[in-house]
Amino acid sequence: MANVTLPERLDTSAAFALKSAIEQAVESAGGEQVALDASGVTYLGGLCLQVLLASRCPLVAPSEPVVEAYALFGVSACLTEPLAPFKEQ
């Protein structure tokens, strides 16, 4: 499993770079699952939370701010039950 360490601050200005980093990691993984290490995240805004959810990559060791953001947006279940990988039709 390939891992991507997320930056400390995931606010609106970080969304594009986050999306690009995840896409690059998924491409480089060559079919292997990519996990996102959220242990060092100190702030998670709504737009970056959407990017994380859309990536369908599991989070590893989510920090308290990440857990709180997922709860605030009503998607806490995604922390324990990750979405199935997206399959193009």
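If you read the sequence from its start, that first residue is 1, and numbering goes on from there. Treat the numbers as computed from the prediction; the structure is a model and nothing was measured.
- Residues satisfying the side-chain contact (heavy atoms from CB on, under 4.5 Å) criterion with Val75, sequence neighbours excluded, are Leu49, Leu53, Tyr70, Phe73, Cys78.
- Between the CD1 atom in Ile22 and the CG atom in Leu52 there is a gap of 5.5 Å [rounded to 0.5 Å].
- Here the closest heavy-atom approach between residue Pro7 and residue Val41 is recorded as O-CG2, 3.4 Å.
- Contacts classified as salt bridge (charged side-chain N to carboxylate O under 4.0 Å, His left out) and involving residues 68-79 (residues at least two apart or in different chains) are not found.
- Residues Pro62 and Val67 form a side-chain contact, since some pair of their non-hydrogen atoms from C-beta on lies under 4.5 Å apart.
- The hydrophobic clustering, which links ILVMFWY residues whose side-chain heavy atoms are closer than 4.5 Å, places Tyr43 and Leu59 apart.
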Listing, residues 13-21 side-chain donor-acceptor contacts under 3.5 Å, not counting sequence neighbours, or none:
{"residue": "Ser13", "atom": "OG", "partner": "Asp11", "partner atom": "OD1", "Å": "2.8"}
{"residue": "Lys19", "atom": "NZ", "partner": "Glu23", "partner atom": "OE2", "Å": "2.6"}
{"residue": "Ser20", "atom": "OG", "partner": "Phe16", "partner atom": "O", "Å": "3.1"}

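- The side-chain contact (heavy atoms from CB on, under 4.5 Å) test applied to Val34 returns Ala2, Val4, Ala25, Val26, Ala29, Leu36, Cys57, not counting sequence neighbours.
- Every residue meeting the side-chain contact (heavy atoms from CB on, under 4.5 Å) condition with Glu8, not counting sequence neighbours, appears here in chain and number order: Thr42.
- In this structure, the side-chain contact (heavy atoms from CB on, under 4.5 Å) partners of Asp37, at least two apart in sequence or on a different chain, are Thr5, Ser39.
- When all heavy atoms are compared, the tightest approach of Val60 to Asn3 is CG2-OD1, 4.4 Å.
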